[in-house]
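The next block holds one structure in the form of C-alpha cells; read it before the comments.
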Amino acid sequence: SMEHDFELLWRPVPSSAPRGMVFAETVNGEPHYLLMVMPPDDGTVTSRMPREMVFVVDTSGSMHGVSITQAKEALQRALTGLQPGDRFNVIEFNTHPTPLFAESMPALASNTGMAQNFVNRLRANGGTEMNAALQYALGTPPQHGYLRQIIFVTDGAVGNEEGLFKLIEARLGDARLFTVGIGSAPNSWFMRKSAELGRGTFVIISALHEVQEKMDTLLR
C-alpha cells in the first residue's frame with residue numbers, strides 16, 4: 001500500500017572467503033562509488049562473545065495503538081533470543097525512564113520471565129523524554145567481558161535530534177546502539193543517523209507480521 005516503503009531484499013551466494021566489490025557510476029560528470037565488503041558466510045560456526053543487551057522502549061503517548069503492540073512483540077522476540085551467559089535489562093521511558101532492574105542481570109529463565117511480564121504490562125501514555133532514557137542507558141556501568149548492545153525501540157517522535165546525536169557520540173563508549181523504528185511513519189532519519197553514530201544497525205517494523213523476521217535479522 002502507499003503508506004509503506006517498497007523493500008527489495010537480496011542475498012549474495014554464500015562463500016567461505018571474504019569478498020569485496022566496487023561499483024562505479026558517473027552522473028552529470030560526477031563519479032559515484034559504492035564499496036561493499038562481505039565476511040565469509042558458509043555456515044561455519046564461530047565463537048560468540050556473551051552480550052549485555054539493554055532494551056530501551058518508548059511508551060510515550062505517540063506510541064498508542066498498534067505501535068505499542070508492535071514494540072511489545074519486538075521486545076518479546078528479542079527476549080527469547082537471549083542466550084545462556086548473556087546479561088540484559090529493559091528500560092521503558094515516557095516522561096521518565098523506568099528500568100526493570102537496577103543493573104543488567106543474567107539471562108536466566110527467572111529473570112527473562114520477569115521481563116516478559118514487565119513488557120506485557122507496558123502501556124503508552126505521557127511525554128517523550130528520550131534524552132533522559134538515553135543518558136540512563138549509556139550511564140549504567142558496562143559489564144566487563146561482554147559485548148554491550150543497546151536496542152532502542154521507538155517511533156522517534158522527538159524534536160531535539162541534534163542534542164541526542166551529541167549525547168550518543170559523547171557517552172557511547174564501547175557499546176553499540178541499534179534502533180528499531182515502530183509504526184507506519186517512524187522518524188527514519190533519526191533512526192538511521194543514531195544507529196550510524198552508535199556503530200549499529202537499524203530496522204523499521206511497519207506491521208505486526210514483520211516483527212519476527214526483522215528482529216531476528218537485527219539480533220543476528
Side-chain angles (χ1 to χ4, degrees), residues 37 39 46-60 71 74-94 96-108 111-112 114-115 118-119 122 128-158 160-182 186-205 214-220:
V37 181
T46 56
S47 60
R48 179 186 180 278
M49 186 176 181
R51 294 190 279 194
E52 180 201 3
M53 304 194 76
V54 181
F55 302 106
V56 185
V57 57
D58 184 348
T59 58
S60 62
L75 285 173
Q76 297 290 16
R77 186 71 190 175
L79 289 169
T80 61
L82 290 167
Q83 300 294 312
D86 288 345
R87 298 179 73 93
F88 79 101
N89 199 2
V90 182
I91 302 167
E92 75 152 312
F93 77 92
N94 41 52
H96 306 285
T98 304
L100 171 59
F101 302 117
E103 60 179 11
S104 296
M105 298 291 284
L108 304 174
N111 291 330
T112 57
M114 287 178 63
F118 180 80
V119 170
L122 294 178
T128 311
E129 293 298 330
M130 195 176 290
N131 193 297
L134 257 180
Q135 287 204 50
Y136 190 99
L138 295 172
T140 309
Q143 298 284 339
H144 180 69
Y146 288 81
L147 175 62
R148 186 173 219 205
Q149 299 177 327
I150 298 169
I151 316 293
F152 219 87
V153 184
T154 176
D155 61 0
V158 295
N160 59 330
E161 288 102 331
E162 290 299 330
L164 292 165
F165 296 152
K166 288 177 182 175
L167 175 62
I168 293 167
E169 285 187 296
R171 303 283 296 278
L172 188 68
D174 292 332
R176 301 289 179 95
L177 176 67
F178 297 78
T179 51
V180 179
I182 294 292
N187 185 344
S188 301
W189 178 75
F190 171 74
M191 305 286 177
R192 191 187 305 271
K193 180 74 172 175
S194 297
E196 181 183 308
L197 292 171
R199 301 188 305 274
T201 59
F202 96 108
V203 297
I204 287 182
I205 297 173
K214 295 290 183 73
M215 289 305 294
D216 288 356
T217 298
L218 181 143
L219 292 168
R220 277 198 301 273

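Atom set for the values below is all heavy atoms of this structure, side chains included, hydrogens, waters and symmetry mates excluded. Index from 1, following the sequence.
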Query raised in the report: Side-chain contact, heavy-atom cut-off 4.5 Å: Thr59 with Thr98?
Result: no

Query raised in the report: Got a salt bridge between Arg87 and Glu52, using NZ or NE/NH1/NH2 to carboxylate O under 4.0 Å?
Result: no

OG1 of Thr201 to CZ of Arg192, rounded to nearest 0.5 Å, is 11.5 Å

Query - Donor-acceptor pair, side chain of Gln83 and main chain of Gly81, under 3.5 angstrom - result: yes

**Prompt:** Please walk me through it: do Phe93 and Phe152 pass ring pair (Phe, Tyr, Trp, His ring centres under 6.0 Å)?
**Reply:** CA-CA 11 Å; Phe93 77 92; Phe152 219 87; 5.7 Å; yes

- Report yes or no: does Ser60 contribute a side-chain atom to a donor-acceptor pair with the main-chain N or O of Thr128 at less than 3.5 Å? no

Starting from the C-alpha separation in whole Å, work towards a yes-or-no answer on side-chain contact (heavy atoms from CB on, under 4.5 Å) for Leu164 and Lys193. CA-CA 10 Å; Leu164 292 165; Lys193 180 74 172 175; over 6 Å; no

Plane angle bin for Phe88 and Phe55 - parallel if under 30°, tilted between 30 and 60°, otherwise perpendicular: tilted

Pairwise side-chain contact, Leu100 with Asn89, heavy-atom cut-off 4.5 Å (strictly under):
yes

Are side-chain heavy atoms of Ile182 and Asp58 found at a separation under 4.5 Å?
-> no

Heavy-atom closest pair (Thr80 atom, Arg77 atom, distance to 0.1 Å) is OG1-O, 2.7 Å

Let's go through Met191 and Thr154 carefully: what are the C-alpha distance in whole Å and the side-chain angles of both, what is the deciding distance for side-chain contact (heavy atoms from CB on, under 4.5 Å) to 0.1 Å, and is it a yes or a no? CA-CA 9 Å; Met191 305 286 177; Thr154 176; 3.6 Å; yes

d(Arg176 CZ, Gln149 CD) to nearest 0.5 Å is 8.0 Å

Check your understanding: Given side chains that start at C-beta, do those of Leu197 and Leu172 come closer than 4.5 Å, heavy atoms only?
Key -> no

* Asked: Side-chain contact, heavy-atom cut-off 4.5 Å: Val90 with Glu92?
  -> no

Residue pair Thr140, Val54: steps toward the side-chain contact (heavy atoms from CB on, under 4.5 Å) verdict
CA-CA 10 Å; Thr140 309; Val54 181; over 6 Å; no

What one should report as the nearest heavy-atom pair of Leu134 and Leu167 is CB-CD2, 3.7 Å

What one should report as the nearest heavy-atom pair of Val203 and Lys214 is CG1-O, 4.2 Å

Nearest heavy-atom contact between Leu177 and Ser194 is CD2-O, 3.7 Å

CG (Leu147) and CG (Asp86) are apart, to the nearest 0.5 Å, by 9.5 Å

Note: Leu138 and Ile168 closest approach over all heavy atoms is CD1-CA, 4.3 Å

> Given the rule in the side chain to side chain donor-acceptor pair (under 3.5 Å) test, do Ser104 and Gln143 qualify, once you have shown the distances and angles that lead to the verdict?
Replying inline: CA-CA 8 Å; Ser104 296; Gln143 298 284 339; 5.2 Å; no

So CD of Glu103 and CZ of Phe101: to nearest 0.5 Å the spacing works out to 10.5 Å

Are Ile204 and Phe202 side-chain neighbours, meaning at least one heavy-atom pair lies under 4.5 Å? yes

Separation between CG (Asp155) and CD1 (Ile205), nearest 0.5 Å, reads 12.5 Å

**Message:** Taking the side chain as everything from C-beta on, heavy atoms only, tell me whether Val56 gets closer than 4.5 Å to Met130.
**Reply:** no

Taken to the nearest 0.5 Å, the spacing of Thr112 OG1 from Met105 CE works out to 11.5 Å

Smallest heavy-atom separation, Ala71 atom then Val57 atom, equals CB-CG2, 4.1 Å

